[in-house]
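Below is one structure, written out as structure tokens; the observations come after it.
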Protein chains: 2
Amino acid sequence: MGEARERRGGDSASRHEELRAELRSRGYRLTPQRQLVLEAVEELQHATPEQILQVVRRKARGVNISTVYRTLELLEDLDLVTHTHLGDRAPTYHSTSTPAHAHAVCRACGRVSEVPPEAVERFAATLLERYGFRLDIRHLAVFGECTECPQARSGEQAVTSKA
Amino acid sequence: MGEARERRGGDSASRHEELRAELRSRGYRLTPQRQLVLEAVEELQHATPEQILQVVRRKARGVNISTVYRTLELLEDLDLVTHTHLGDRAPTYHSTSTPAHAHAVCRACGRVSEVPPEAVERFAATLLERYGFRLDIRHLAVFGECTECPQARSGEQAVTSKA
DNA sequence: ATTTCTGCAAACCCTTTGCAATGGT
DNA sequence: ACCATTGCAAAGGGTTTGCAGAAAT
């Protein structure tokens, strides 16, 4: 349909077609909701389903949280997004179009930092060679404490809260 | 009280007193429930709150799940137990009296294996030196796939179920 | 006697599901 | 037209909380 528009789209129109093709090859359909969820994940970087819903709703009203869950499951199956657990609450979703990295979560101050693949490489190699295990770096979240942190954990329990 | 019993306890009686002292020094009390929860965690090794409850109930009837949660929180604060997340469901609790180790979870076959501290040492050192982050190995769970696994993840999504 | 702790029931958060209506293709 | 997808509402795990009665010190 519309052959005159082929190279008109510049960027977002072609991504739109790529996504549609990806979905169609598996028997799925492209819907506004699916597009918006993917865009929201890409925009937010570290987003919970609820946060994604809020962003989606800014662009289209009436979208339901269950659609977000169903869509995230689908996008993850298509390897367009991944999720990890940065706390005991809701998981966070990430776009696979951004460079892979792991996360380090400080239980004292709550800060989440990104850990580049280089820092994990040797560990991953060890697991593979010695334990026959292939680590998924995008899912990796390590918990502990920043060394220069206001130091909790001295009788009081570590603060996981959003302070 | 009872100075004649000092070295009588052999093992479990003295641990009982140690636990009581530990609790009392913080203003807490030793109750049968607390003792039973701790014993259950030590006995089960990798236990969810629900599994712990089942074991506790074999020895004392009427114990409630909320007591288990409250007790686990307390025991964790006292560094007698730790927890980690081996899946998207309930966390698993471990006794700190067993040697520290991390866990590797295969998303294809669901198997959970223990990763000894030696395998994590260098990674932990890297995080500390280069990123100022002190990793808690007991909380560490890595996700991925066994290399000699019936191989899922080829269109089908990874099986996280209890097969 | 005092104060913590427990069981119970209800509430809560996050996620999943059944179903009729909507909407891609 | 066909059938995937959605919104809604209800249900489902797992966890937390308020409170009155039970138990530890």
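Within every chain, numbering begins at 1; the chains are lettered A, B, ... in the order of the sequence lines, protein sequences first and strands thereafter. Remember, predicted model here, so these are calculated numbers, not experimental data.
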Starting from C1' on C:dC14, measure out to CZ on A:Arg70 and report it in whole angstrom. 15 Å
Please check if the side chain of A:Thr147 supplies one atom and the backbone of B:Gly132 the other of a donor-acceptor pair under 3.5 Å. yes
ring-ring contact (aromatic ring centres under 6.0 Å, His included) with A:His139: which of A:His94, A:His83, A:His101? A:His83
Ranking B:Arg57 and B:Gly27 by the position along DNA chain C of their nearest nucleotide, the one closer to 5' is B:Gly27
What is the distance, rounded to the nearest whole Å, between atom CG of A:Leu23 and atom C1' of C:dG23? 15 Å
Pairs satisfying ring pair (Phe, Tyr, Trp, His ring centres under 6.0 Å), at least one member in residues 114-135 of chain B, at least two apart: A:Phe123-B:Phe123
Of the listed nucleotides (D:dT6, C:dA9, C:dT6), which one gets closest to any side-chain atom of B:Ser66? C:dA9
Calculate the interatomic distance between A:Arg20 atom CZ and D:dA4 atom C1'; express it in whole Å. 15 Å
Length of the CD1-C1' vector between A:Ile65 and D:dG7, whole Å: 13 Å
To the nearest angstrom, the CG-P distance between A:Leu75 and D:dT5 comes to 12 Å
Length of the CZ-C1' vector between A:Arg29 and C:dT25, whole Å: 6 Å
Side-chain (B:Arg34) to main-chain (B:Thr71) donor-acceptor, under 3.5 angstrom: no
If you find the nucleotide of DNA chain D closest to B:Glu50 and the one closest to B:Tyr28, which residue's nucleotide is nearer the 5' end? B:Glu50
Side chain of B:Asn64 - closest among C:dC8, D:dT5, D:dT25: C:dC8
What are the residues of residues 31-45 of chain B, sorted by number, that bring a heavy atom to within less than 4.0 Å of DNA chain C? B:Thr31, B:Gln33, B:Arg34
Measure the distance from NE2 on B:His16 to C1' on D:dT25 and round it to the nearest whole Å. 13 Å
Separation of atom CD in A:Glu73 from atom P in C:dT16, rounded to whole Å: 7 Å
Using heavy-atom distances to pick each residue's nearest nucleotide on DNA chain C, tell me which of B:Arg89 and B:Leu74 is more 5'. B:Leu74
Passing candidate, side-chain contact (heavy atoms from CB on, under 4.5 Å) with B:Val81, options B:Leu38, B:Val37, B:Thr96: B:Leu38
Base, sugar-phosphate or nothing for B:Thr48? Non-hydrogen atoms, less than 4.0 Å. nothing
Is the closest side-chain donor-acceptor distance between B:Ser66 and B:Arg70 under 3.5 Å? yes
Is there a side-chain contact between A:Thr67 and the phosphate of D:dT6, meaning an N or O under 4.0 Å from OP1 or OP2? no
Heavy-atom neighbours of A:Arg15 CZ exceed 12 at 6.0 Å: no
